[in-house]
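When a residue number appears, it is its place in the shown sequence, counting from 1. Order of appearance sets the numbers: ligands from 1, and atoms from 1 within every ligand.
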Amino acid sequence: MELKNVILEKKGNVATVTINRPKALNALNSDTLKDIDAVLENLELDNEIYVVILTGAGDKAFVAGADISEMKDLNEEEGIAFGTLGNNVFRRLENLNKPVIAAIPGFALGGGCELAMACDIRIASEKAKFGQPEAGLGITPGFGGTQRLPRIVGEGKAKELIYTCDIIKADEALRIGLVNKVVAPEVLMDEAVAMATKIASNAPIAVKLCKDAINRGMQVGIDEAIVIEAEDFGKCFSSEDQKEGMTAFMEKRAKNFQNK
Ligand code: CAA
């Protein structure tokens, strides 16, 4: 796998994916989107990786948006193609068969805020800033912002942020539920690794099925959603880790999950 703008590191059961274009504040051009896609394909197939951390290189930005220099001269057809590329990659990220934690050191604007929202959990540095500045550039959010932001913070707040292009600080992002946690900049990655390690200590198949049930269930009515939950709940009972988890509880000993 040859990557231009993304770094993939694996340690134990946790992988860290770093968007690495710090001179452009990690802006997402087509090459970077393709790199993320290639990394996701690798991670999907890696049974040793239980949790992924996604971050941006440098201390200034997570991702400052889609690459404006690449978008500037697009026509309508090319705009649809660029939006579709980003949306396909972000949907793949959202549906990855393991949880993804966004560790957000700085700017998460436009496509950067959208990238963070496609992750399962967001941890922000106190220095992070969020917003959807697209309307100020003459476009709509194009990598899922019009859809995921209202789902996360509610329709009224999403409309306010998208129409005004306001940039909000980490404490406000926490207050409106856009991020899970705000931490000091110097402990951002430690906090992300600690949460990833805690998640990785639980049964990976069960965690994967929790993600599946939440993601699929949130898109349908409650009657259909509880059927999805029942199916995923049932699938757990064909895993060795379910037997191990419950046997360890009964025997009052530490559990030893094998991702089987
Ligand atoms: N695309 C391309 N290049 C970008 C970029 C972007 N989104 N954001 C920053 N950069 C580049 C700058 O052009 C600059 O490059 P040069 O050094 O070559 O001039 C470099 O990164 C550093 O940026 P600044 O000098 O602007 O840094 P700053 O500290 O003064 O400002 C900032 C930081 C407020 C984040 C500012 O860079 C900014 O406003 N960036 C654009 C944010 C934005 O509008 N994002 C939305 C993009 S549209 C989108 O994402 C569409 C979609 O939904 C798919």
Side-chain angles (χ1 to χ4, degrees), residues 4-7 17-37 40 54-94 100 102-119 122 124-153 155 157-173 178-179 182 185 188:
K4 288 185 184 148
N5 299 321
V6 172
I7 300 167
V17 177
T18 306
I19 314 293
N20 187 34
R21 287 186 79 204
K23 282 191 184 140
L25 301 186
N26 305 319
L28 300 173
N29 58 9
S30 299
D31 281 345
T32 310
L33 290 168
K34 286 173 191 158
D35 279 0
I36 298 171
D37 198 49
L40 292 174
L54 177 62
T55 192
D59 58 0
K60 207 171 157 189
F62 175 66
V63 164
D67 193 307
I68 298 170
S69 64
E70 186 173 328
M71 286 184 293
K72 191 171 97 27
D73 296 321
L74 298 185
N75 62 28
E76 183 170 347
E77 201 182 322
E78 291 163 340
I80 292 174
F82 189 61
T84 304
L85 170 66
N87 267 324
N88 288 345
V89 174
F90 285 22
R91 192 77 179 119
R92 186 174 200 173
L93 171 67
E94 187 169 47
V100 184
I104 304 162
F107 291 111
L109 302 178
C113 189
E114 292 168 308
L115 182 65
M117 290 191 291
C119 298
R122 286 159 288 282
S125 148
E126 287 159 352
K127 292 200 309 195
K129 288 189 179 151
F130 299 81
Q132 298 288 161
E134 286 90 343
L137 294 163
I139 56 173
T140 67
F143 294 167
T146 61
Q147 302 310 310
R148 291 194 183 91
L149 191 58
R151 282 168 169 79
I152 293 173
V153 304
E155 189 179 329
K157 198 70 198 171
K159 284 180 170 169
E160 180 190 330
L161 288 171
I162 290 172
Y163 300 166
T164 61
C165 300
D166 280 349
I167 305 297
I168 59 169
K169 292 183 177 168
D171 56 350
E172 175 68 357
L178 182 54
V179 300
V182 178
L188 175 66

Task: Side chain Asn26, main chain Phe62, donor-acceptor under 3.5 Å - done: yes

Task: Pair listing, side chain to side chain donor-acceptor pair (under 3.5 Å) test, anchored in residues 70-81, at least two apart - done: Ser30-Glu70

Task: Distance, nearest 0.5 Å, that separates CG of Leu28 from CZ of Arg21 - done: 8.5 Å

Task: Step-by-step side chain to side chain donor-acceptor pair (under 3.5 Å) determination, Asn87 to Thr84 - done: CA-CA 5 Å; Asn87 267 324; Thr84 304; over 6 Å; no

- [ ] Considering non-hydrogen atoms only, spot the tightest contact between Phe130 and Ala173 and give its length.
- [x] CD1-CB, 3.7 Å

- [ ] Decide, yes or no, whether a salt bridge links Glu172 with Lys169 under the criterion of side-chain N to carboxylate O below 4.0 Å.
- [x] no

TODO: Output the set of protein residues with a heavy-atom contact under 4.0 Å to ligand 1, ordered first by chain identifier and then by residue number.
DONE: Lys23, Ala24, Leu25, Ala27, Lys60, Ala64, Gly65, Ala66, Asp67, Ile68, Met71, Phe107, Leu109, Gly110, Gly111, Glu114, Pro133, Glu134, Leu137, Ile139, Pro141, Gly142, Phe143

